[in-house]
Colleague: 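Handing you a structure now.
The analysis underlying the following values was restricted to heavy atoms, covering all of them including side chains, and did not include hydrogens, waters or symmetry mates. To find a chain, count down the sequence lines: A is the first, B the second, and so on, and within it residues start at 1. Note that the coordinates shown come from a computational prediction; the quantities given were computed from them, not determined experimentally.
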Amino acid sequence: MGIATASQVEPDPIRGEPLVQGGHDFASVTDAVCGVIEAKRPPLIWFISIAISSIMTLVLFAMIVYLFWTGIGVWGVNVPVGWGFAIVNFVFWVGIGHAGTLISAILFLFRQQWRTAINRFAEAMTIFAVICALVFPGIHVGRVWFAWWMFPIPYQQGVWPQFRSPLLWDVFAVGTYFMVSSIFWYMGMIPDLATIRDRATGTTRRFVYGLLSLGWRGSNRQWHRYERAYLLLAALATPLVLSVHSVVSFDFAVSQVPGWHTTILPPYFVAGAIFSGFAMVVFLAVPARQLYGLKSIITMRHIESMNKIMLATGSMVGYAYAIEFFMAWYSGNIYEQFTFQNRAFGEYWWAYWTMASCNVIVPQIYWFKKARRSLVVTMIVAFLINVGMWFERFVIVVTSLSRDFLPSSWGFYWPTWVDILTFAGTFGLFFTLFLLFLRFLPMVAMAELKNVMPAAHPVHHLSGEKEGH
Amino acid sequence: MRIIDTSQENRSFSDLAPNVARNALFVSVFGILASLILTFMLGGGLERFFQSYLVNFGYFLSLTLGALFFVIIQHVVRASWSVVVRRVAEVLSSNFLLMAILFLPVIAGMDHLFHWLDPHAVDDEILAGKLGYLNRTFFILRWVLYFGIWAGLARFFYTNSVKQDETGDIKLTLRMEKFSPLSVILFAFSLTFASFDLLMSINPHWYSTIFGVYYFAGSVLGSFAMFALIFHYLHKKGRLLQSVTLEHFHDIGKLMFAFTVFWAYIGFSQYMLYWYGNIPEETVWFLHRQTGSWTPVTWFILFGHFVVPFLGLLSRIPKRRSALLRFIALYVLAVHWIDIYWIAMPEWFNNGVSFHLLDLTLFLAIGGLWISVAARRLGRASLVPSKDPRLSDSLAFENS
Amino acid sequence: MSKPSLFGYLVEFEDVTTILNAAREVRDEGYTKWDTHTPFPIHGMDGAMGMKMSILPWLVFGGGFMGCTLAMLLQWWMNAYDYPYLVSGKPLWSIPAFIPVTFELTILFSAFGAFFGMLALNQLPELYHALFTSERFRRATSDRFFISIEAKDPRFDLEKTRAFLETLGGTAIETVEEDE
């Protein structure tokens, strides 16, 4: 017990660097992760950050109140472009969330053990991003007092919601996604909450974490069912995450609007969502690991792996752009052809080229190992990818609506200050939630991390022992 | 880590290879002769011959592509569980040279298969716009390129892997890993456009951006089923009894399950979006498949290609019984064939199913050759990459 | 033979290999009311303790089946039966359009089955447990490994069990009392 992994070994080209570095043993992993929560005061930068993000959250609430008070006219939406920032931001935030589920579920099923250091806060990010996304369908309906029409409750005249509408599919998809992600996140946290409970000194802390950890006592009879449940949830979350952004893409693709109505949209949206989500994960992980001294747990290997996934999903997005362009020409449909010309060379050309260069050209730098392992490059690229992916949704929503079939009904969209401040405000909400998470909940899955350390594997003395699974 | 003694294991196929190759060749010769008789003496006609040929060519091409994808992706993600499975995939993907030769009849039959070659195509306004892409010269050039890419990639991974059996050089693994991401990109684009050319352009008016992904999903699913069959066969012949364990069958089963779901997802996306959009030039493709006797085939694709294998592979029991898994694999290979049939045939026979014996005899003709060439190559090297640096991990691998 | 307030014995171990071998011995001794407590699940422990497969997958399947059926019924009843109205030329009973919601509810109910099924089978929440009275046991969620044998076990004997436990290679043995 307590045999530390060699900290500075030559990286093994076949097995890669050790997942946990810096000579950690089980106790020191507990100390490192719990120390963040048990510290008397968080670092100064935490206070500064949460002050800024809380102010931005207040701006968001102020904008929402102003919107409700005055009406949807305070936004830039108009007759041909009825979907503006609200939908762009909704799709953007839902997409950000996808990386968390990919890391927690899909990489788990693929037995990618490096995920253990980052899955917890990637999942937290998922939930907060979905909360930010859910703000928009809540407020963009115009008459918010009818928002309950989205749920299967009979209206006054006994009318039911319209299940043939993709907007209703959204309610179910994003709602399910939010609930299942929360369950997955919480369930993964139970053993770690128990760790904090058992280390707690104060009564309040012991009571709160005791309540949250449900009386977990690490019994193998519990672990057995727990692990099975975790595997099953991962297997459920995997198709779920594919379905969520697919359903979001259906909002566009079931219509006949040129540029929206194309069959590749569902997988293409999913790839883009994972792409932007990973960019957000590294964007948050790099400062967090520096700040809280977790460099030996969230290692360069983790950063590099995530950068590789960005290269892969960015290439999938590039593939979809290429096939869409080809098919617009091949289809022989003049409206499709015009839409794609208009995207690249029309009024919104700058949005298109921002999208194309940030999403397709910028990640190409990750073909070089040096770039993948540079924190500066990582931060810049992650930022640019998020910019690019936001513009992708802007291009899809705005260019197609502003120029559809009849030139007489063409229009132009430009956001108002309320649009922009509302969008900025969601970042405040997101970061406020995230900073609270860093302060009060274990940001690294300790139990899982210990499980991938070499000391967690028994040395086999007995041979011929029959082991069940 | 468990230590597994494989010193007594039989890892060679060289004793069985000549027999299997010869028998498969007999089947193929029988298929060829029967097809020729059906075509020329029993009134099948050249047109029908080429149509059936295209379906079966598309089917075996998909299995070869699926195997190639498996090989590449294992290097991209540096997988260790799959090392013992990889050699068989490498051998199957080496069949591209054969597929290139088998493509010659498609070129010969182009005029019977693709109506964009019709001299009156220029009179059709929509079609006229596409002739820059859909023309004989460019079509052939593209296929030369596709086969160049596929055969080149397959050869690269096969020869390096076999070379490692002798030298045990880790650098070979690293070289394959280094080249694998670029291979995926080449693979993705070549497969996509190949599927557009071979199957989608049968109806040159119709288009779907997801079509390449649909063909890809079926291909990978089919190749996993093929692996399950081959490993079951090798076990029965007393090969790889220690290397390939229940755990590997379990994983192949899981991947079959995953790709069954993925295929359904892609198929549903394509269907639902066109059904919902309800634009005539898009729905016509499905209309052909929902009229007359094609309707039950479409329902069969829905249930037989998704619901049945989904429920069949859901539990861990069938995935851990190689005999049961073999049965499901055979079934999946059969429905995959029906899927390809369903993609191609209704465009020529939009009044209803017209099954012809040629569909079967050409299956035997191409399939026999495919198996024969693969078996011969399988006998030439060890059945597992015996000096792969990750082999020990693969041997000891267990599902949790 | 045992006092009613006695919960049982708790043995502490310092590494994975020792507790795994110890668990095999406890299993072979024939104890039934015992458990191991570890900061993370140990690979091979299920076999070492002689545990059977959980029925949880069936609960998940049941949840999924219920969600699927419920969603289809819900949509059929609301849009095709109780208040039928035509929208965008789609049939009242539009299966392709009903697939997304059906899928989502299937997943949702399966996930409920997995999570609440796990809690129910594990008898959680259980905020009080005798083991929590042990100061030493607090490290079971950090870096120590424990075996507990309950006094309720038919093979439990104050002296013999203790003597047996002492042979297992643990670093400490203590008795745990129920907190009355």
Side-chain angles (χ1 to χ4, degrees), chain A residues 12-16 106 109-112 164 166 227-228 231 235 238-239 242-243 246 249-250 252-257 260-268 270 308 311-312 315-316 318-320 322-334 336-337 366-367 457 459-460 463 467 469, chain B residues 1-3 76-81 125-130 132-134 170-171 173-174 177 181-182 184-185 188-189 192-193 196 204-214 254 258 261-262 265-266 268-279 281-282 389-390 393 397-400:
Chain A
D12 176 345
I14 295 308
R15 297 208 168 68
I106 302 182
L109 294 183
F110 280 113
R111 297 188 282 267
Q112 295 295 304
R164 279 158 287 181
E227 281 201 290
R228 192 103 321 246
L231 181 69
T238 300
L242 293 181
S243 82
S246 301
S249 83
F250 290 162
F252 300 92
V254 296
S255 72
Q256 297 178 344
V257 177
W260 288 6
H261 182 63
T262 176
T263 50
I264 206 169
L265 219 61
Y268 151 51
V270 173
K308 280 183 188 166
L311 180 59
S315 306
M316 287 183 209
Y319 167 88
I323 300 299
E324 271 195 323
F325 244 90
F326 170 76
M327 208 54 88
W329 172 80
Y330 179 87
S331 69
N333 179 328
I334 51 168
E336 285 288 332
Q337 290 169 350
Y366 284 153
W367 286 102
H457 302 292
V459 187
H460 276 271
S463 57
E467 300 275 0
H469 296 295
Chain B
M1 186 177 290
R2 289 189 304 144
I3 310 296
V76 173
V77 301
R78 305 183 182 179
S80 56
W81 77 270
E125 199 183 327
I126 301 281
L127 222 51
K130 303 186 187 192
Y133 181 80
L134 296 177
I170 291 179
K171 282 205 193 84
T173 299
L174 297 180
E177 279 167 9
L182 188 66
V184 176
I185 292 176
F189 280 100
T192 305
F193 283 96
F196 291 167
H205 285 94
W206 189 77
Y207 53 89
S208 168
T209 41
I210 210 172
F211 195 86
V213 188
Y214 183 84
K254 282 195 237 174
V261 177
F262 183 68
Y265 163 60
I266 299 298
F268 174 72
S269 299
Q270 177 166 280
Y271 179 79
M272 199 275 280
L273 294 178
Y274 279 173
W275 171 84
Y276 204 111
N278 208 10
I279 297 173
E281 58 261 41
E282 292 170 352
R390 291 196 182 88
D393 292 359
F397 155 72
E398 277 180 35
N399 282 288
S400 55

Colleague: Does any backbone or side-chain atom of Y268(A) lie under 4.5 Å from a heavy atom of chain B? Answer side chain, backbone, both or neither.
Modeller: neither
Colleague: How long is the straight-line distance from CG of L182(B) back to OG of S315(A), given to the nearest 0.5 Å?
Modeller: 10.0 Å
Colleague: Of the listed residues (L311(A), T262(A), L265(A)), which shares the most heavy-atom pairs with chain B below a 4.5 Å separation?
Modeller: T262(A)
Colleague: Report the option among A320(A), G332(A), P267(A) that has the most heavy-atom pairs separated by less than 4.5 Å from atoms of chain B.
Modeller: P267(A)
Colleague: Give, for atom CG of L242(A) and atom CD1 of I266(B), the distance between the pair rounded to the nearest 0.5 Å.
Modeller: 8.5 Å
Colleague: Taking F326(A), F250(A), F110(A) one by one, which has the highest count of heavy-atom pairs under 4.5 Å against chain B?
Modeller: F326(A)
Colleague: So which residue, P181(B), A258(B), S80(B), ends up with the most heavy-atom pairs under 4.5 Å with chain A?
Modeller: P181(B)
Colleague: What is the distance from atom OG1 of T209(B) to atom CD1 of I323(A), rounded to the nearest 0.5 Å?
Modeller: 8.5 Å
Colleague: Which of the residues H205(B), E281(B), Q270(B), M272(B) is involved in the greatest number of heavy-atom pairs with chain A at under 4.5 angstrom?
Modeller: M272(B)
Colleague: Is it the side chain or the backbone of F193(B) that comes within 4.5 Å of chain A heavy atoms, both, or neither?
Modeller: side chain
Colleague: Using modelled atom types and a 3.5 Å cut-off, is there a donor and acceptor pairing between side-chain atoms of Y276(B) and backbone atoms of R164(A)?
Modeller: yes
Colleague: Could you tell me which of G318(A), A253(A), A328(A) has the largest number of non-hydrogen atom pairs under 4.5 Å with chain B?
Modeller: A253(A)
Colleague: Which atoms of V257(A) come close to chain B, meaning under 4.5 Å heavy atom to heavy atom: side chain ones, backbone ones, both, or neither?
Modeller: neither
Colleague: Can you confirm whether Y207(B) sits close enough to N333(A) that some side-chain heavy atom of one is under 4.5 Å from a side-chain heavy atom of the other?
Modeller: yes
Colleague: For residues F268(B) and P266(A), determine if any side-chain heavy atom of one lies less than 4.5 Å from a side-chain heavy atom of the other.
Modeller: no
Colleague: Which bit of A322(A) is near chain B, if near means a heavy-atom gap under 4.5 Å: side chain, backbone, both or neither?
Modeller: side chain
Colleague: Is there a side-chain contact between M327(A) and F211(B) in this structure, where contact means two heavy atoms from C-beta onward sitting under 4.5 Å apart?
Modeller: no
Colleague: Given a strict heavy-atom distance threshold of 4.5 Å, which part of L127(B) is in contact with chain A: side chain, backbone, both, or neither?
Modeller: neither
Colleague: If we only count heavy atoms from C-beta on, is the P239(A) to Y265(B) side-chain gap below 4.5 Å?
Modeller: no
Colleague: Just wondering, do Y330(A) and F196(B) contact through their side chains at under 4.5 Å, heavy atoms?
Modeller: no
Colleague: With only heavy atoms counted, which part of W206(B) is less than 4.5 Å from chain A, the side chain, the backbone, both or neither?
Modeller: backbone
Colleague: Using side-chain hydrogen bond (donor to acceptor under 3.5 Å, both in side chains), reason through T192(B) and Y319(A) one step at a time and then give a plain yes or no.
Modeller: CA-CA 10 Å; T192(B) 305; Y319(A) 167 88; 2.6 Å; yes
Colleague: With a 4.5 angstrom heavy-atom cut-off, which part of E125(B) approaches chain A: side chain, backbone, both or neither?
Modeller: neither
Colleague: Side chain to side chain contact (heavy atoms under 4.5 Å, CB included) with Q256(A): which residues, sequence neighbours excluded?
Modeller: I279(B)
Colleague: Donor-acceptor pair, S208(B) side chain versus T263(A) backbone, under 3.5 Å?
Modeller: no
